[in-house]
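In this chain, residues are counted from 1 in sequence order. All of these numbers come straight from a predicted model, not from anything done at the bench. Remember, it's 1-based here, ligands and their atoms both numbered in the order they're listed. What you see below is based on every heavy atom in this structure, not just the backbone, and it leaves out hydrogens, waters and symmetry mates.
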Amino acid sequence: MKSRIFLGLLTALFVGAASAQLPPLEQQDSYVVGFAQTESNNPWRIAQTTSMQEEAAARGYRLVYTDAAGSAAKQVADVRSMIAQGVDLIFLAPREEKPLAPVILEAKNAGIPVILLDRNVDQSLAAAGEDYVTFIGSDFIEEGRRVGEWLTEATGGEANIIQLEGTTGSSPANDRKKGFEDAIVDQPNMKILASQTGDFARDEGRQVMETLLQAHPEVDVVYAHNDEMAIGAISALEAAGRTPGEDVLVLSIDGGKEAVQLVVDGKINYIVECNPRFGPKAFDTMEAYVSGEEIAPVITNEDRDYTAENAEEGLASAY
Ligand code: GYE
């Protein structure tokens with residue numbers, strides 16, 4: 001491993017940090033692979049971690065797992081420690097778009113390839129296919145757009161909306177907002193009354209909803225960037241004597257079991273799925289990279305959706 005770091009440094013010296021060359025990874029019997037997770041405070045993250053751990057074990061690879069506990073600064077330190085250990089490859093779920101970009105370049109300069117999972121980084125700071133192998137994940141703009149289109153159809157273009165945004169500065173929060181707002185921009189009677197972050201967390205979603213509900217009692221739609229905040233918002237609505245799913249439509253993204261059950265129960269009206277089971281695809285992509293295949297800079301997951309019509313049958317396969 002030392003020789004690989006040395007090689008990486010040599011390469012960096014010769015071709016400079018702006019090189020378009022991704023670090024190679026040679027064929028080995030087994031690998032030591034890093035997975036830098038952003039946090040573990042929700043079922044989505046736990047399902048993703050389990051999927052990565054199971055797949056690493058199934059292939060006989062050692063997984064160096066870290067949990068940044070919701071701190072971009074800790075995640076930077078976690079990736080640096082993986083670089084210092086000389087892991088063969090790093091899977092990174094970058095919490096925010098900007099702060100994690102520099103360590104991607106550090107890994108590249110140390111000769112360690114990086115694959116981004118589920119969240120992307122700012123392309124002006126670190127570019128897919130150049131500084132890291134690829135981004136594997138959902139098309140978040142498309143997810144937001146689908147929610148906006150469903151809502152337009154369901155309400156005939158009349159809605160007073162509260163938007164609960166995900167983690168500030170994260171790619172899913174930025175893009176789910178953009179896709180949704182683009183989809184309704186031409187609808188004069190669809191108004192976003194307020195839009196505030198709930199950090200993708202249940203209790204924060206509940207608290208933010210509680211405050212916004214007092215300021216905007218005319219709300220009749222909540223669009224939450226993930227299930228956790230939607231579930232928090234449902235508690236706030238019920239505590240205020242409202243009927244989620246009926247007098248206030250609730251829309252969400254992710255599709256965990258608990259939320260899909262709430263679609264069955266009629267409290268959530270529409271969910272666009274975002275599948276957390278990354279393991280098989282992540283390691284297949286790594287192995288394709290090792291065998292020298294051309295890897296697309298973006299590998300997009302297909303997302304289904306859940307409505308009152310299909311939620312019951314979807315429950316069994318929801319994470
Ligand atoms: O929607 C959310 C999680 O980055 C796509 O992060 C992921 C999002 C997911 O915490 O629940």
Ligand-residue contact atoms, ligand 1 with [X], heavy atoms, under 4.0 Å:
{"X": "N42", "answer": "10 (O), 11 (O)"}
{"X": "C274", "answer": "5 (C)"}
{"X": "D254", "answer": "1 (O), 2 (C), 9 (C), 11 (O)"}
{"X": "R176", "answer": "1 (O), 5 (C)"}
{"X": "P172", "answer": "4 (O)"}
{"X": "N226", "answer": "2 (C), 11 (O)"}
{"X": "F140", "answer": "5 (C)"}

* Among N275, D118, T38, find the residue that satisfies the side chain to side chain donor-acceptor pair (under 3.5 Å) test when tested with Q48. => D118

* **V219-I234 co-clustered via ILVMFWY side chain contacts under 4.5 Å** =>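 Yes: a chain of side-chain contacts under 4.5 Å links V219 to I234.
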
* Asked: Under a 4.0 Å heavy-atom limit, does R45 contact ligand 1 with its side chain, its backbone, both, or neither?
  -> side chain

* Asked: Can you find an N or O of H225 that's nearer than 3.5 Å to an N or O of ligand 1?
  -> no

* To do: For the pair K74 (side chain) and D67 (backbone), establish whether a donor and an acceptor sit closer than 3.5 Å, ignoring hydrogens and angles.
  =>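 Between the backbone of D67 and the side chain of K74 there is a qualifying donor-acceptor contact (under 3.5 Å).
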
* Asked: Does R95 come within less than 4.0 angstrom of ligand 1, counting non-hydrogen atoms of the residue?
  -> no

* Whether I253 lies under 4.0 Å from ligand 1, heavy atom ->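 The answer is no, since I253 has no heavy atom less than 4.0 Å from ligand 1.
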
* Asked: Can you list the steps and then say if Q85 with S81 is a side-chain hydrogen bond (donor to acceptor under 3.5 Å, both in side chains)?
  -> CA-CA 6 Å; Q85 289 174 58; S81 122; 3.3 Å; yes

* **is_close_aromatic(F35, F91), centroid dist under 6.0 Å** =>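 They do not qualify: ring centres at least 6.0 Å apart.
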
* Y306 ring centre to R304 NZ or CZ under 6.0 Å, with the angle to the axis within 45°? ->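 Yes; both conditions hold, so R304 lies above the ring face of Y306.
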
* Which residue holds the protein heavy atom closest to atom 4 (O) of ligand 1, what is that atom called, and what is the gap in Å? -> D118 OD1, 2.6 Å

* Of all residues at least two apart in sequence or in a different chain, which pass the side-chain contact (heavy atoms from CB on, under 4.5 Å) check with E158? ->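 Residues passing side-chain contact (heavy atoms from CB on, under 4.5 Å) with E158: N189.
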
* To do: Identify which one of V221, I231, L237 satisfies the side chain to side chain contact (heavy atoms under 4.5 Å, CB included) criterion when paired with V250.
  => L237

